[in-house]
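To start, the structure itself, in structure tokens.
None of the values given here were measured: they were computed from a predicted structure. We number each residue from 1, following the sequence as shown. Every number for a ligand or one of its atoms is a count from 1 in the order of the listing.
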Amino acid sequence: MTKSNLLEVNNLSIHFPTISGRVEAVAGLSFHLKKGETLGVVGASGSGKSVTCLSIMGLLPKKAKVISGEIAFYKKDGTKLNLLAASSTELQSLRGKEMAMVFQEPMNSLNPVFRCGGQIMEAILLHEKTDKKCAKDKTLQWLARVQLDDPERAFRAFPHQLSGGQRQRVMIAMALACNPSLLIADEPTSALDVTVQRSILNLLKNLRNDW
Ligand SMILES: Nc1ncnc2c1ncn2[C@@H]1O[C@H](COP(=O)(O)OP(=O)(O)OP(=O)(O)O)[C@@H](O)[C@H]1O
Ligand SMILES: [Mg+2]
């Protein structure tokens, strides 16, 4: 049986007006992604990979101009949504539950003043009708699933008390905690050393196989 599409990007072009002229960040990009499929995007620095990711998540900077294109996303209930035309409320309700992103530098996406566990619990409580006890159990399960040696410690830790690789594992746990059907990872390992890079990529591969 052929799997159905999860994401369809068609003829996407995005520009940035700058004082030195217009920057063409993405030019006529099209690709389709099926459910369960992994797509790797390769390109030189500045070729528009991050801008593409942000446009899917609805997180483009205000000054970005979408010149053309459509980004169709198929929700878990089967409905199709053009992400570029979706309201900010709609996009907010999709983020976490239907799609999630792991950024290059986890220190920028984790809030430094809150403990890691609480941040994951918050994401779960936002999207799922569940109580704090269940959200905590689920958080600890996820921290174990991303192979943090001591999930209880990671739960209680502030982001700066963890290593870069551990923080990225926390981010992956947070991204997957609400079972999104789309996970976008924008160079999730480039801030890490080579051996940690390999273990994080293996982790993502294994998690995908279990999905
Ligand atoms: N906020 C912005 N304002 C102006 N130009 C921007 C902005 N964000 C991105 N750009 C430009 O858009 C283009 C694509 O940037 P993008 O960050 O998507 O590249 P990338 O492929 O992710 O590169 P890297 O591999 O270095 O992460 C670049 O020319 C960049 O300068
Ligand atoms: Mg980038």
Do any nitrogen or oxygen atoms of Thr52 lie less than 3.5 angstrom from nitrogen or oxygen atoms of ligand 1?
no
Self-check item: Nearest protein heavy atom under 4.0 Å from atom 3 (N) of ligand 1, yes or no
Solution: yes
> Less than 3.5 Å between some nitrogen or oxygen of Thr18 and one of ligand 1, yes or no?
Replying inline: no
among protein heavy atoms, the one nearest atom 15 (O) of ligand 1 is Val51 CG2, 3.8 Å
Checking heavy atoms under 4.0 Å, the part of Glu187 that sits near ligand 1 is side chain
- request: Kindly indicate whether a cation-pi arrangement holds for Lys80 with Phe73, taking the cut-offs as under 6.0 Å to the six-membered ring centre and within 45° of the axis.
  value: no
(Q) Quiz question: by atom type and distance under 3.5 Å, do the side chains of Thr195 and Asp193 form a donor-acceptor pair? (A) yes
ask   = Tell me, do Ile172 and Ile200 make a side-chain contact under 4.5 Å, heavy atoms counted?
value = yes
One should read off an interatomic distance between Glu90 CD and Glu98 CD, to the nearest 0.5 angstrom, of 11.0 Å
When distances are taken from atom 25 (O) of ligand 1, the protein heavy atom at minimum range is Lys49 NZ, 2.7 Å
The salt bridge (charged side-chain N to carboxylate O under 4.0 Å, His left out) partners of Arg208 (sequence neighbours excluded) come to none
| Under 3.5 Å, is there a donor-acceptor pair between the Ser199 and Arg169 side chains? | yes
Quick one: are Leu81 and Ile71 in side-chain contact, heavy atoms under 4.5 Å?
no
min-distance protein heavy atom vs atom 1 (N) of ligand 1 -> Phe16 CE2, 3.7 Å
Check: Can you hop from Leu94 to Phe103 via hydrophobic side chains spaced under 4.5 Å?
Finding: yes
Near the Mg ion (ligand 2), meaning under 2.8 Å, the protein N/O/S atoms are Ser50 OG
Compute the minimum heavy-atom distance from Glu24 to ligand 1 and say whether it is under 4.0 Å. no
Is a salt bridge present between Lys138 and Glu128, judged by a nitrogen-to-oxygen distance below 4.0 Å?
yes
The answer for which part of Val23 has a heavy atom under 4.0 Å from ligand 1 is side chain
Does Phe114 CZ have over 12 foreign heavy atoms under 6.0 Å away? no
Exercise for the section: Determine whether any heavy atom of Gly48 lies closer than 4.0 Å to an atom of ligand 1. Expected result: yes
protein heavy-atom neighbour closest to atom 28 (C) of ligand 1 works out as Gly46 O, 3.6 Å
**OP:** Go through the side-chain N and O atoms of Ser50 and Asp186 and say whether any donor and acceptor fall under 3.5 Å apart.
**Re:** yes
When only distance counts, is Ala25 in polar contact with ligand 1, meaning an N/O pair under 3.5 Å?
no
With a 4.5 Å heavy-atom cut-off, do Leu203 and Asn206 have their side chains touching?
no
Separation between CE (Met99) and CG (Leu83), nearest 0.5 Å, reads 4.5 Å
d(Leu60 CG, Thr52 OG1) to nearest 0.5 Å is 9.0 Å
| Counting only heavy atoms on the protein side, is anything nearer than 4.0 Å to atom 30 (C) of ligand 1? | no
Ranked by distance from atom 26 (O) of ligand 1, the top protein heavy atom is Ser45 OG, 2.6 Å
The atoms of ligand 1 lying under 4.0 Å from a heavy atom of Ser50, numbered in the order shown, are 17 (O), 18 (O), 20 (P), 22 (O), 27 (O)
Honestly, for Ala44 the part within reach of ligand 1 (heavy atoms, under 4.0 Å) is backbone
